[in-house]
Amino acid sequence: MQTLALWMLPLLCKFSLAVLPAKPENISCVLYFGRSLTCTWSPEEETGDTNYTVRMTYSFGKSSCTNHTTKASHSFLRPCIVLPPDICTVEVEAQNGDGKVKSDITSWNLDHILKTEPPIILSVNPISNQMFQIWWKPLERLRLYHLRCTLRFRTVNSTHWTEVDFEDHDLVYNLTGLRAFTEYVIALRFRTSESRFWSNWSKEKTGMTMEEVPHILDLWRVLGPADVNGVRKVLLLWKKAKGAPVLERTLGYNIQYFPENSTNLTEINNVTKQRYELLLTGQAHCVSVTSFNSLGKSQEAILRIPAVHEETIQCIESMQAYLAEPLLVLEWESSIPEVDTWMVEWLPETTESKFSALSWESVSQVTNWTIEQEKLQPSICYNISVYPVLGQQVGQPYTVQAYAKEEVPVRGPETRVENIGLKTATIVWQEIPKNIRNGFINSYTVFYQAEGGKEFSKTVNSHVLQYDLESLTRRTSYTVWVVANTGAGGARGETINFRTSSISVLEIILLTSLVGGGLLLLSIFTVTSGLKKPKLTGLCCPAVPNPAESSLATWIGDNFKGRSSPKESENSGNTEDRALKPCSVPADLIDKLVVNFENFLEVVCTEEAKKGQESILGGETNEYVTSPSRPDCPLGESFKESPVLTEVAPGDIHNQCLGMTEETYTEFNEQPLSSDHSPEPEPLCEEQAPNPYLKNSVTTREFLVHGNIPEHSKREI
């Protein structure tokens with residue numbers, strides 16, 4: 001038993017490891033007219049070690065054909081194929097090294113599996129402005145078959161196909177419902193009435209419908225400023241209405257215009273461009289434009305040009321622009337319901353000439369307007385204006401600014417720091433130029449950071465161009481930069497550094513006030529303490545005698561006292577070059593003067609020096625007198641050569657003794673001296689040191705000699 005088991009084990013393992021090929025299923029066959037019968041089945045994997053045997057019977061089972069293949073498909077070629085009507089069967093057998101597997105037998109009606117080649121479109125002929133006549137034929141000879149066709153068409157610039165099914169025996173078809181003067185693309189396919197397989201689409205063929213009379217145009221104008229003569233430039237613009245089909249081949253345009261209150265019509269024909277520039281006077285005008293082709297001309301598009309100073313309607317109350325991907329949307333509100341037509345203008349803000357870059361479009365029955373963002377330049381600011389149009393009159397526009405797509409600004413704002421204090425500073429920045437903003441600046445963000453400290457930021461509105469930093473640290477370096485933000489992001493400006501102050505102006509003023517006040521109090525205290533000492537008081541503030549209270553008048557007599565006053569003495573002392581006016585002199589003036597002057601000289605010569613010195617040293621207050629000189633010589637010698645009349649300047653009183661005798665009357669000096677006197681007199685006096693405190697108090701005295709004095713009296717003197 002064990003020997004038998006060991007002998008049977010290899011056989012059992014061999015049968016258990018055998019793998020038969022998969023059974024062919026889902027057999028499908030197609031009869032390509034006049035070429036082949038192609039059958040496919042599953043599974044479609046190619047293992048490489050499986051072979052297929054395909055057996056087909058045809059002619060209603062009378063004939064058969066067998067072929068071998070390693071793929072999951074096979075085509076029977078002539079002479080194995082026949083033309084319908086016929087019924088054939090197909091069987092597939094799969095075989096590998098482990099065995100064989102057969103599929104089920106399938107039966108096929110050749111009329112049901114017939115597939116033809118794509119047809120050929122012979123011509124596409126326009127019959128009218130809305131119809132094509134299409135001629136075509138199949139590649140095979142199918143006159144005995146009833147055909148079902150499908151035609152598809154689209155305009156040249158469209159991707160949407162429209163399909164039309166029809167049955168055809170004459171191989172011609174009229175396609176209707178088209179637009180005039182429009183180019184179409186056409187394709188065709190067909191099948192026999194019993195087959196379930198369509199042919200492939202034919203090659204595409206194009207054709208254009210016939211044109212018709214042009215439609216009315218959209219007309220607009222751009223008004224220029226009037227010159228000194230009232231003449232202004234008016235640019236006329238026209239084009240097809242939005243959404244209107246191009247139904248004709250326009251050959252040209254005709255323009256007519258005339259003043260509103262005149263019948264003087266001006267006509268311009270055969271204009272080939274869609275713009276024309278007119279020079280009109282300041283009054284109102286009516287302008288009309290028509291287009292024409294070979295079939296006729298369009299209706300007139302009429303527009304009224306207002307007078308220069310004419311007031312027009314204004315009905316737009318508000319307007320806003322916003323983005324709604326992928327469109328830019330403009331909406332507005334009107335206060336006049338009768339206005340149902342609007343003209344929209346848009347042009348880049350950076351454009352120098354409005355005449356060259358202006359775009360415009362008419363809108364009717366709505367109060368909104370949209371445009372694709374791709375039609376506008378990104379990061380460029382556009383000025384968009386909406387004009388109300390009531391009949392032929394155009395009202396006042398309403399303008400807003402908009403960006404089709406915002407981007408980050410090219411650079412950040414230029415920044416500087418002002419008013420740097422102990423704990424405050426003002427950050428000031430400038431607006432970014434519009435040509436590099438790339439969007440609307442909606443805010444600014446100020447960033448600042450102390451050296452080695454934490455970063456802080458503050459965001460302000462777009463109209464704010466400065467910000468005050470507070471709560472800073474004294475004597476600290478800070479770094480500041482400003483970021484300008486748009487809807488797409490922010491651009492950082494230059495980084496600037498500054499350092500807060502170590503001391504404020506208020507502190508400087510307070511410190512200066514304290515130091516100055518202290519020095520002032522110290523000075524006052526020092527002066528007050530010093531003046532309490534008598535010796536220092538005498539040196540700093542000596543007592544200056546009043547010349548008006550001098551005792552000189554009592555020495556020289558009552559007559560002199562009565563003729564001199566303190567005011568006269570003061571006035572004569574203040575003026576060096578002015579002498580007293582002469583006056584009448586009594587007859588005995590000379591005698592009195594001689595006696596009193598001798599007493600004066602004796603007292604002055606003996607006591608003057610002593611009194612002056614005691615006054616300077618702080619002794620008792622002395623009363624000083626004014627005199628022509630201070631001689632220290634004997635009276636007799638002084639009087640011998642002393643003149644009767646002498647004038648002494650107050651500044652030279654300390655230095656004039658002999659000098660005064662030289663400034664006397666000439667006729668008196670020329671008299672000879674008496675025989676009993678010495679011919680050469682000795683010096684009258686010695687120079688005495690002057691008292692500096694009497695220099696400005698000396699009163700100049702002038703002694704006058706009366707003209708009636710006898711000659712002998714003069715000689716005695």
Between S362 and T341, is there a side-chain heavy-atom distance shorter than 4.5 Å?
yes
Can you list every ring pair (Phe, Tyr, Trp, His ring centres under 6.0 Å) pair that touches residues 239-286, not counting sequence neighbours?
W238-Y253
Can you tell me if K205 uses its side chain to pair, donor with acceptor, with the backbone of L188 under 3.5 Å?
no
Residue list, salt bridge (charged side-chain N to carboxylate O under 4.0 Å, His left out) with E345, at least two apart or on another chain:
K354
Parallel, tilted or perpendicular: which fits the ring planes of Y184 and F153, with parallel below 30° and perpendicular above 60°?
perpendicular
Within a strict 4.5 Å, meaning less than it, do heavy atoms of the F197 and R191 side chains meet?
no
Short side-chain donor-acceptor distance under 3.5 Å, D340 and Q365:
yes
My understanding is that only residues two or more places apart in sequence, or in another chain, count here; which of them pass side-chain hydrogen bond (donor to acceptor under 3.5 Å, both in side chains) with Q299?
none
Look at the side chain of T182 and the backbone N and O of A180, then say whether any donor-acceptor pair between them is shorter than 3.5 Å.
yes
Quick one, T350 with N435, criterion side-chain hydrogen bond (donor to acceptor under 3.5 Å, both in side chains). Give me CA distance, side-chain angles, the key distance, then yes/no.
CA-CA 7 Å; T350 57; N435 58 342; over 6 Å; no
From the options T162, I134, I121, select the one residue that forms a side-chain contact (heavy atoms from CB on, under 4.5 Å) with L151.
I134
Assign the ring pair F447 / W481 to parallel, tilted or perpendicular, where the plane angle (0 to 90°) is split at 30° and 60°.
parallel
Which residues share a side-chain hydrogen bond (donor to acceptor under 3.5 Å, both in side chains) with Q133, sequence neighbours left out:
W135, N174
Below 4.5 Å, heavy atoms only, C-beta onward: do N293 and T250 meet side chain to side chain?
no
Treating S199 as the side-chain partner and T116 as the backbone partner, does any N or O pair qualify as donor plus acceptor under 3.5 Å?
no
Those residues that, when tested against E494, pass salt bridge (charged side-chain N to carboxylate O under 4.0 Å, His left out) (two or more places apart)
none
Who passes ring pair (Phe, Tyr, Trp, His ring centres under 6.0 Å) against Y467, sequence neighbours left out?
none
Suppose we screen for side-chain hydrogen bond (donor to acceptor under 3.5 Å, both in side chains). Which residues come up paired with Q449, at least two apart in sequence or across chains?
none
Is it the case that the side chains of S462 and N442 hold a donor-acceptor pair, with the cut-off being a distance below 3.5 Å and no angle test?
no
Given 3.5 Å as the limit, does a donor-acceptor pair link the side chain of T500 with the main chain of T473, or not?
yes
Using the six-membered ring wherever Trp is involved, compare the ring planes of F498 and Y478 and label them parallel, tilted or perpendicular (cut-offs 30° and 60°).
parallel
Hydrogens and angles aside, do S294 and E211 bring a side-chain donor and acceptor to less than 3.5 Å of each other?
yes
Got T486 and P409 here, is their nearest side-chain heavy-atom distance under 4.5 Å?
yes
For the side chain of E317 and the backbone of E333, is there at least one donor-acceptor N/O pair under 3.5 Å apart?
no
Partner of L469 under side-chain contact (heavy atoms from CB on, under 4.5 Å), chosen from T426, V417, V480
V480
Tell me the ring pair (Phe, Tyr, Trp, His ring centres under 6.0 Å) pairs involving residues 389-425, sequence neighbours left out?
Y403-F440
Examine distances only and state if a side-chain atom of S335 and a backbone atom of C315 form a donor-acceptor pair shorter than 3.5 Å.
yes
Sequence neighbours excluded - salt bridge (Lys or Arg N to Asp or Glu O under 4.0 Å) pairs with any residue from residues 296-307:
E260-R304, R304-E310
What donor-acceptor contacts under 3.5 angstrom involve side-chain atoms of residues 379-386, with partners at least two apart or in another chain?
| unit_1 | atom_1 | unit_2 | atom_2 | d |
| --- | --- | --- | --- | --- |
| Y382 | OH | Q377 | N | 2.9 |
| N383 | OD1 | Q401 | NE2 | 3.1 |
| S385 | OG | T399 | OG1 | 2.7 |

When you measure from the side chain of R499 to the backbone N and O of R475, does any donor-acceptor pair fall under 3.5 Å?
yes
Of all the heavy-atom pairs spanning I432 and R411, show the shortest one and how long it is.
CD1-O, 3.3 Å
Could you tell me whether the side chains of T445 and N485 share a donor-acceptor contact shorter than 3.5 Å?
yes
Could you walk me through whether I305 and L223 pass the side chain to side chain contact (heavy atoms under 4.5 Å, CB included) test, one step at a time?
CA-CA 9 Å; I305 308 298; L223 303 180; 3.8 Å; yes
Flag side-chain contact, heavy atom, 4.5 Å: E372 against L327
yes
Just by modelled atom types, is the T40 backbone N or O under 3.5 Å from a matching donor or acceptor in the S28 side chain?
no
Any donor and acceptor pair, going by atom type alone, linking the side chain of N229 with main-chain N or O of V231 inside 3.5 Å?
no
So, do T38 and Y32 sit near enough that their side-chain heavy atoms are less than 4.5 Å apart?
yes
Before you tell me yes or no, could you show the steps for R221 and M343 under side chain to side chain contact (heavy atoms under 4.5 Å, CB included), namely the whole-Å CA-CA distance, both residues' side-chain angles and the distance that decides it to 0.1 Å?
CA-CA 10 Å; R221 85 292 183 274; M343 196 65 68; over 6 Å; no
From the list I316, V394, T312, side-chain contact (heavy atoms from CB on, under 4.5 Å) partner of Y387 resolves to V394
List, one per line, each side-chain donor-acceptor pair under 3.5 Å for residues 212-219, sequence neighbours excluded.
| unit_1 | atom_1 | unit_2 | atom_2 | d |
| --- | --- | --- | --- | --- |
| E212 | OE1 | N129 | ND2 | 3.3 |
| E212 | OE2 | H215 | NE2 | 2.9 |

Pairwise side-chain contact, V400 with L330, heavy-atom cut-off 4.5 Å (strictly under):
yes
Just to verify, what does T495 make a side-chain hydrogen bond (donor to acceptor under 3.5 Å, both in side chains) with, not counting sequence neighbours?
R492
Should the ring pair W332 and W342 be called parallel, tilted or perpendicular, given that the plane angle runs from 0 to 90° and is split at 30 and 60?
perpendicular
Could you walk me through whether Q466 and N419 pass side chain to side chain contact (heavy atoms under 4.5 Å, CB included), step by step?
CA-CA 12 Å; Q466 68 176 32; N419 305 327; over 6 Å; no
With distance as the sole test, does S128 use its side chain to make a donor-acceptor pair with the main-chain N or O of Q130 at under 3.5 Å?
yes
Can W346 and L376 be said to form a side chain to side chain contact (heavy atoms under 4.5 Å, CB included), step by step?
CA-CA 10 Å; W346 68 95; L376 302 177; 3.7 Å; yes
